[in-house]
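Only one structure is covered here, and it is reproduced in the block below.
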Amino acid sequence: MSVQTNEKVDLGLLEAIFRTSKKTIQEYVREIERHCRYKSIQSQMTKDGMVLDDRSKLIDLYDACVQQDAHLRGVLETLKSQIIGERYMLAHQNEKGKYIKDVAESKKIQGTQFSKIIEGIMEAKLYGYTALEILPDIDPRTGKLAEVNQIERRNVLPDQKRIIQRSGIWNPGWSFEDPKYAGYYVLINSGDLGLFSSTTPSILAKKFTVANYVNFSHTYGQPIIHGKTESENIQDRKRLANDIASAAQNKVIVTGLNDEVDIKTFTMSNSEKVFTSLIDDVDKDVSNLILGSETMAGAQQSYVGAARTHQDVFRDRVESWRNYIENVMNEQVIPRLVAMGYLKDGLEFIYSKRLEMSNQDQIELYKFLSDKYEVAADEIEKTFGVVVGKQLNLETGSVGGSGNGNDRHIMTDEEYYKRYGHRRGENSVNFYRESR
């Protein structure tokens, strides 16, 4: 592709209508029916000049769920935390198949604009597609990409590979396959309606369940204050009712000699679990679909073994997301950045293969390694931010692990015996030296 022939689309011309409030399951069903009709006739009709793959109203439903459901938003933030960060690099393979990091080029992809590209690829699996505008301008202060824009999804026909100025109208528009625009514009199409097509109906149902739960709580969750008076006068009864109503703030109520005031509380039942169970089930489904585990989204487990099993599933799911991002990046994004002259040729975008561990697991690993290998002080500082000096438990003056000539009694006698094969103070034969 030639950078000189590329042209830009004025994204300021795009017009879209946003409707993300008061969404219902019936609207979702209508949009699924619309997509089914399109899939049924697309092979029989010409696509040029006709808007067939319009998903603008479906995107309204997706955005409404992301905006209004705190659990879904939290799951997405958890996923983003595993996708974005100093986990990726640009590298080339040597003759042994090992990836060698290019530090200078890797710094170019550590920035806010490049993070937009990764987020866009991630969202392509959620929404079904993402369209990106990657411009070759360089920020003079940082030396990195100055501008990356995500094209409004309501103005994109993903299967027809076209940007339209107004939703539902073919012209004016721009094709992703037009050589004039191919250098700057990337369409990432997952090939389906995205993972949100599975979460949206559940979240819409959950929203109404929460509303019903609030009404239930107002009706049955608050106790009733019951006042009784012998007076037949309606004014006396109203006065007592007003006194009871104000007693919540005043903390004091004065009644007549024979008046009574008591609080009527409802007998506890499990009626509220009809609502809470539905809400919990929806949250679990969303967590399992996107993260592979509800534990990683904050759910509690009854025993440690279950939590570790869920962590393994979560790590496998994150690895799957990273592989998808690597493939899209190397097939569609990196070649364009190379053609722009921003990156060197011959490099691949990859995630580091380091093991993702909790802080406690890392501490246990370093304890294990430090007794058997010399661990550099820089590595400790980089991982934990703790500045350390000379390693004390290194073997000195011995060969083959036959003893420790500089025993500072850091290990217990039992640990010493397991490590060196003899008790403290006992002489041991160095077979390596005697065999010379």
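Please read all numbers here as calculations on a predicted model, not as lab measurements.
Within 6.0 Å of CD1 on Ile17 lie no more than 12 heavy atoms contributed by other residues, nucleotides or ligands. More than 12 non-hydrogen atoms from other residues, nucleotides or ligands lie less than 6.0 angstrom from CZ of Arg237. Within 6.0 Å of atom NZ in Lys207, more than 12 heavy atoms from other residues, nucleotides or ligands are found, so the atom counts as buried in its surroundings. The environment of CD1 in Ile100 is crowded: more than 12 heavy-atom neighbours from other residues, nucleotides or ligands sit within 6.0 Å.
With Gln160 contributing its side chain and Leu52 its backbone, the two residues share a donor-acceptor pair below 3.5 Å. Lys101 contributes no side-chain N or O that, together with a main-chain N or O of Leu90, makes up a donor-acceptor pair within less than 3.5 Å. At distances below 3.5 Å, not a single donor-acceptor pair connects side-chain atoms of Arg162 with backbone N or O atoms of Val51. Proximity of a side-chain donor or acceptor of Ser287 to a complementary backbone N or O of Lys284 within less than 3.5 Å is not detected.
For Arg34 and Glu31, the salt-bridge test passes: some basic side-chain N is under 4.0 Å from an acidic carboxylate O. A salt bridge links Asp102 to Lys344: one of the charged nitrogens lies within less than 4.0 Å of a carboxylate oxygen. A salt bridge links Arg239 with Asp236: the closest approach of a Lys/Arg side-chain nitrogen to an acidic carboxylate oxygen falls below 4.0 angstrom. Ionic pairing of Asp69 and Lys206 is present here: one or more N-O contacts between side-chain nitrogen and carboxylate oxygen are shorter than 4.0 angstrom. Using a 4.0 Å cut-off between charged side-chain N and carboxylate O, Asp53 and Arg55 make a salt bridge. Contact check on Arg30 versus Glu33 returns no salt bridge, with no Lys/Arg side-chain nitrogen under 4.0 Å from an Asp/Glu carboxylate oxygen. The pair Asp54-Arg154 fails the salt-bridge criterion, with no side-chain N (NZ, NE, NH1 or NH2) lying under 4.0 Å from an Asp/Glu carboxylate O.
The only option from Leu126, Val286, Thr200 that meets the side-chain contact (heavy atoms from CB on, under 4.5 Å) definition with Leu195 turns out to be Leu126.
In this structure, the separation between CZ on Phe176 and CG on Asn189 is 10.0 Å, given to the nearest 0.5 Å.
Using the six-membered ring where Trp is involved, Tyr181 and Tyr185 have ring planes that are perpendicular, over 60° apart on the 30 and 60° scheme. Taking the six-membered ring for Trp and thresholds of 30 and 60 degrees, Phe349 and Phe114 have ring planes inclined between 30 and 60 degrees apart.
Listed by chain and residue number, Arg153 satisfy the side-chain hydrogen bond (donor to acceptor under 3.5 Å, both in side chains) test with Thr130 (two or more places apart in sequence, or in another chain).
Annotation: cation-pi pair Lys108/Tyr342 present, NZ/CZ under 6.0 Å from the ring centroid and within 45° of its normal.
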